[in-house]
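All remarks here apply to the structure that follows.
Side chains included, hydrogens not; waters and symmetry mates left out as well; all remaining heavy atoms used.
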Amino acid sequence: EACANGRFRVKFDDRSQTVSEGIGYGMLLSAYAGDRTLFDGLWNYYKDNRNGNGVMNWKINGCSGTLGSNGATDSEVDAAMALIVADYQWGATGSINYKNDAKTLITAIKNFEVEAGSYVLKPGDQFGGSNLTNASYFAPGYFRTFATYMNDTFWNNVADKTYVVINNNLTVNNAAGGLVSDWSTASGSYSSSARHGE
């Protein structure tokens with residue numbers, strides 16, 4: 001849906017709302033499809049709705065108005081990867097410097113959505129870490145791309161840690177068919193910090 005000032009949003013299950021994950025998905029799809037107008041509108045919407053850590057508040061009321069505060073790491077990871085794709089698609093030829101924006105967002109993810117010292121991906125900028133993570137938020141291929149793009153081996157450590165957490169989860173839960181639980185501790189066990197309804 002188009003908002004004012006060239007912004008676009010992706011409708012959530014409740015069509016009057018938007019979640020940051022939807023914006024991340026839309027950015028990935030529009031970057032790969034070469035739809036720069038849509039991409040820029042989605043990215044500007046994301047930027048309009050950021051918190052003080054530079055990540056998008058996870059739920060927005062339509063075109064504006066925060067319903068759910070603070071970041072959801074899966075959306076940041078998707079948005080950052082989409083910005084890298086946009087940089088390769090369009091370079092620095094327009095009003096948005098995709099490279100600078102990608103590096104700024106990747107730095108925010110590093111600073112606020114990865115647990116210091118452990119490389120465990122937190123599910124948000126305000127909660128989680130070794131006590132609570134979510135394997136469905138892991139994108140090790142993206143993290144390897146971040147390492148190259150940022151020239152920062154930190155991201156290879158994050159990618160490696162995602163596999164450790166997944167293997168811990170499979171082992172601890174004696175997982176049938178290789179199915180990984182979503183919310184868990186980094187050691188793979190059920191987390192009493194798991195939040196329901198997400």
Side chain to side chain donor-acceptor pair (under 3.5 Å) between Asp182 and Asn134, worked out: CA-CA 5 Å; Asp182 50 7; Asn134 189 323; 4.9 Å; no

Shared hydrophobic cluster, Ile96 / Ile106 (ILVMFWY, side-chain heavy atoms < 4.5 Å): yes

Lys/Arg-Asp/Glu bridge criterion (N-O < 4.0 Å) met for Glu1, Arg9: yes

Distance, nearest 0.5 Å, that separates CG of Leu83 from CD of Gln89: 12.5 Å

Arg144 side chain to Tyr142 backbone, donor-acceptor under 3.5 Å: no

Trace of the ring-ring contact (aromatic ring centres under 6.0 Å, His included) decision for Trp183 with Tyr190: CA-CA 7 Å; Trp183 299 101; Tyr190 171 76; over 10 Å; no

Gap between atom OG of Ser130 and atom NZ of Lys161 - 0.5 Å precision: 6.0 Å

Side chain proximity check, Met81 to Thr145, heavy atoms < 4.5 angstrom: yes

Note, Thr37 side chain near Asp35 side chain (heavy atom, < 4.5 Å): yes

Backbone N/O of Gln17 and side chain of Asn61: donor-acceptor pair under 3.5 Å: no

Atom OH of Tyr25: over 12 foreign heavy atoms under 6.0 Å: no

Distance flag, aromatic centroids of Tyr88 and Tyr98, threshold under 6.0 Å: no

Side-chain donor or acceptor of Ser20 paired with backbone N/O of Ser75 under 3.5 Å: no

Value rounded to 0.5 Å, distance of OG in Ser191 from CG in Asn131: 5.5 Å

Between Trp155 and Tyr149, ring centroids under 6.0 Å: no

Under 3.5 Å donor-acceptor, Asp14 side chain and Ser16 backbone: yes

Heavy-atom check, side chain of Asp125 versus side chain of Asn51, under 4.5 Å: yes

Note, Lys99 side chain near Ile84 side chain (heavy atom, < 4.5 Å): no

Sidechain-backbone polar pair: Thr107 side chain, Lys103 backbone, donor-acceptor under 3.5 Å: yes

Candidate pair Tyr119 and Phe154, rule ring-ring contact (aromatic ring centres under 6.0 Å, His included), full reasoning: CA-CA 8 Å; Tyr119 302 107; Phe154 172 90; 5.4 Å; yes

Flag, side chain of Asn57 to backbone of Asn70, donor-acceptor distance under 3.5 Å: yes

Val77 side chain near Phe143 side chain, heavy-atom distance below 4.5 Å: yes

From SG (Cys63) to OH (Tyr45), nearest 0.5 Å: 6.5 Å

Distance (rounded to the nearest 0.5 Å) between Leu121 CG and Glu115 CD: 10.5 Å

Asp48 vs Met56 side-chain heavy atoms within contact, under 4.5 Å: no

Polar side-chain atom of Thr171 near backbone of Asn167 as donor-acceptor pair, under 3.5 Å: yes

Pi-cation contact, Phe12 with Lys59 (under 6.0 Å, within 45°): no

Backbone of Arg7 reached by a side-chain donor or acceptor of Asn5 within 3.5 Å: no

Side-chain heavy-atom pair Trp43, Ile23 within 4.5 angstrom cut-off: no

Interatomic distance, Met27 atom CE to Tyr32 atom OH [nearest 0.5 angstrom]: 12.0 Å

Ser118 side chain to Val120 backbone, donor-acceptor under 3.5 Å: yes

